[in-house]
Amino acid sequence: MTGLTATKTGVRAMLLVAAVLMPHAAWAQSMEEFFDDSVVQDIHLKLQSNDWAALKKNYKENIYYGAELRWKGVTVPNVGIRSRGLGSRSEHKPGLRVDMDRFAADQTFLGLKSFVLDNLVQDPSMLRERLSMAFFRRLGLPAPREAHARLFINDAFVGVYAVVETIDKGFVGRSFGGDSKGGTENDGYLFEYDYVKEYRFNYMGSNLDEYKIFNPKTHEKDAAAKIWGPIEDMIQAVNETPDAIFNREASDYLDLSKFAAHIAIENFLAEDDGVLGYAGMNNFYMYRFEDSKRSQFLAWDKDNTFHSVDFPIMNRIGENVLARRTLAEPQYKNAYLNTLLDAAGSAMEPDAEAAKDKDDKDKAALPGWLEREVRRQYEQIRTLARSDTFKPYSNDDFEASIEGLLTFARERANFVKDRVAEERRR
Amino acid sequence: MRLAALCACLAMLCPRIAAAQEFRFPPPSLRIGEFRADLHVRMHFDFRALDSDPEVAPDEFDFRRFRVSLEGRIYDDLEYEVDVSALDKANPWRDVYLNYRKFRAAEVRGGKFKIPFGLDQLTSEFSHSFIERSLIGDQIAPGRDKGVMVHGRGGDKFRYLAGYFLHDGDNMQFLEDLDQNEFVEEPPVDGTFAGRVELTPWEQSRGLLRRLQFGGNFTRGEVDEGLFGMRGRTVRQFTFFDPVYVSGERIRLGVDALWTPGPFSVTAEYNRLTDQRNGQGLGDVDIPDVIAQGWYIAGTWALTGERKAGGIEPRHPIFQGGSGAVELAARFEELRFSSDGTAGEPPFRNPRAANILPNRDRVITVGGNWYLNRFGKVLFNAVRETIQDPVRSPMPEKTRYWTGVVRLQFVM
């Protein structure tokens, strides 16, 4: 009798816990499902028909238009959409930012306040962005989740896009977990780097206006000294601290190991337009932690990766003050080279099932993770990509670009390993 | 160029001035037979301050208006007026019209002038008891346009005005919105019918109600498809309600009352504008009309005892041994935007939302007017505005604020 009562109580407790958890579980699962890259997502936007034409005509402007978002039976009324991008802005295939709370405070979609629909017009393979972000996450650095999608405007197919998780407070909370007070680490200062000039982390003096290239995405209304003061301090420390105390001083502002890892992954991926970009720094966010001076770089917009197999592993390290001084410290140079080797190993990692019972030589002959991922994503979008008449390149360009990625996936790791060995011998 | 043309006209008249039967000053007035020309010059100088962040609205001195007008008769039955704003380079011509008045029951006016709608709008800025018009008088009432109008009186108790105008008046600020709309390149209302009636039922009586007037107003037009809904502006012209997409019929309705017993005046007015939104919803569906509506009630009291009807003229002007006339004035008003129904949806700020999240500006104005003499007047107004939606307040997260304004007026 006692046992039966205990069982009933236990069942009730389990049901109660399940009932409490169920909405959260469904919510979490749905957000995961939205960024599930094992399938191509179908995203529908319903607009007034003139608005789509107006958005395309005004593609250089950030004018918001109202739309109804529909995805797998979930409908969000009156979201705001606008054209987005820098070099990727397109009249024929506009990249879009979708904001849930543009016209209604606190409206969310699966817990998201916004997401990006990347038009993929700067990458004939349509894979670089998604592959790169997956690679960052694979190596332990936070990066937006992405999946390919078919976009429908008023039920008409308008092209293959990538759904990109926005870097915002929600992303920061999901990436960094708990803070020191037992809450979620998401109330620090988040910045998007706005490319306006060739800049390589040089100190620009005490005028905080110079540092507004770091565009605040949280605490925007705070005093300028609170927003940009610590950035000025950080850049001054990085530039002016004597070598002997550089590590100690700069580490107050940045986790230099993580920074070294970030640029190592960018250089492994042959990123030509990132932190060490050809025209200065570009395509990153920076998050300054709550109640702290310390910041971390976050990867963004990686459609210029996979530049070439022989992309130098120390590319432009000497041109960027932060990179040069960080890697002048032996421990971070070592961390940088180790991350390159980790990246090479990760890219070449064979499928565990296929590698079972094989010797090292046979394992080495198996396709690595990067090659398998290129093939998987290619198979996923091939038919759709070829039918996308809005893309600004031909199907031959698409196929050639995929071939280039496969070559990169097969050969880059060994190139990097050889160069790391050379670098260590110096 | 236009000023040059005006000067040329004056130069042509100069030789005739010498032969004039009568020349008066001030204002300069020319009379030759039945021909008559009165020259008027009117100016407003404003100083205004807002209790806010100076980055949002710095204190400012403003040479607000400088008008030069010529009005009179070409012959006994044909009147004219040409009113030019010397400060408005883009749109200098205010009133430019001819009025044929052979038949008092049916005079005909053609040219550019105020569409007959709204007591407040139809009162001259230089005769107003407040520095700014009411929100509805400034925004819902259409203002000036080119058109033709029949107007007349039926005895002492009834007056009517009815006309057809090319567009929808100059108060809607369509041009400001053209860059956001790719489909319309000129004012989006082709033709507006407008009418107003005024009743003074006790005009013949000797009692207090003799000076009581009622008015009713109506306009109808068709608005092209686009972002051409009415923009809601605060007293200081900040936008608190952005235009929404409209298409279809635009209707204005209004009623007003004016009572001027002795040194007092009481005015009240209610106006409403509805725009259809045919096919303007997401997926091109029809959505509920957008409604702008508002009201005011205002009162004045000439402490020095002058009669209000017809405008205050000081009994004891300054420079003639007196100290002018002093008047107190107060007004309470509201302008509100919403959709005509919810369509079963929650409210949004989206300009295509079926259910528009309402917003409202409620204003209290108190002030005093010092009439120096028939030419000069100093007005003091303190204005408190309350915006309903803090997100759309001109001052972030602040829904209530004060504005102080001082105006010096010169009229000749």
Side-chain angles (χ1 to χ4, degrees), chain A residues 43-71 75-83 91 94 96-109 113-114 152-156 158 209 216 219-224, chain B residues 53 55-56 177-185 188 223-229 241-248 277-288 290 339 342-359 388-393 395-398:
Chain A
I43 294 175
H44 292 259
L45 291 170
K46 185 161 81 176
L47 285 83
Q48 209 274 352
S49 50
N50 287 337
D51 284 358
W52 182 239
L55 185 148
K56 291 208 287 187
K57 191 160 186 174
N58 297 321
Y59 71 102
K60 290 182 179 171
E61 310 292 331
N62 288 342
I63 299 173
Y64 274 92
Y65 298 87
E68 179 186 276
L69 167 67
R70 190 155 43 88
W71 171 79
T75 301
V76 188
N78 288 289
V79 302
I81 67 168
R82 69 163 173 85
S83 175
E91 183 175 4
L96 299 174
R97 179 182 170 89
V98 182
D99 276 324
M100 313 307 147
D101 58 351
R102 176 72 187 175
F103 300 121
D106 302 328
Q107 179 168 255
T108 59
F109 163 63
K113 284 193 149 191
S114 64
F152 297 87
I153 301 290
N154 294 336
D155 296 327
V158 294
D209 286 348
H219 300 283
E220 300 96 321
K221 291 173 186 167
D222 280 8
Chain B
D53 183 344
E55 284 185 15
V56 176
D177 300 322
L178 286 182
D179 60 342
Q180 289 183 46
N181 192 292
E182 298 301 315
F183 303 98
V184 180
E185 293 177 349
V223 191
D224 290 341
E225 180 176 5
L227 198 58
F228 297 124
F241 186 86
D242 283 311
V244 300
Y245 288 91
V246 296
S247 177
R277 297 194 289 164
N278 298 329
Q280 296 308 299
L282 307 180
D284 300 356
V285 300
D286 295 348
I287 47 179
V290 58
S339 48
T342 65
E345 288 190 6
F348 289 92
R349 298 186 184 89
N350 174 12
R352 293 210 186 274
N355 182 9
I356 294 170
L357 187 68
N359 202 12
Q388 181 183 22
D389 181 1
V391 173
R392 289 176 283 183
S393 170
M395 279 178 287
E397 295 168 12
K398 191 172 181 182

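In the text below, chain A, chain B and the rest are named by the order of the sequence lines, each starting its count at 1.
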* Asked: Of F103(A), Y65(A), Y64(A), which is the lone residue that meets side-chain contact (heavy atoms from CB on, under 4.5 Å) with N350(B)?
  -> F103(A)
* To do: Nearest 0.5 Å please: distance from the OH atom of Y245(B) over to the CG atom of N50(A).
  => 8.5 Å
* **Heavy-atom neighbours of D106(A) CG exceed 12 at 6.0 Å** => no
* Measure E61(A) against the heavy atoms of chain B and call it side chain, backbone, both or neither at under 4.5 Å. => neither
* **Segment of E345(B) engaging chain A (4.5 angstrom heavy-atom cut-off)** => side chain
* Structure fact -> Shortest non-hydrogen pair, N78(A) vs A353(B), comes out as OD1-CA, 3.6 Å
* Are Q48(A) and E225(B) close enough that some pair of their side-chain heavy atoms sits under 4.5 Å apart? -> yes
* Asked: Take atom NZ in K113(A); do more than 12 heavy atoms of anything else shown fall under 6.0 Å from it?
  -> no
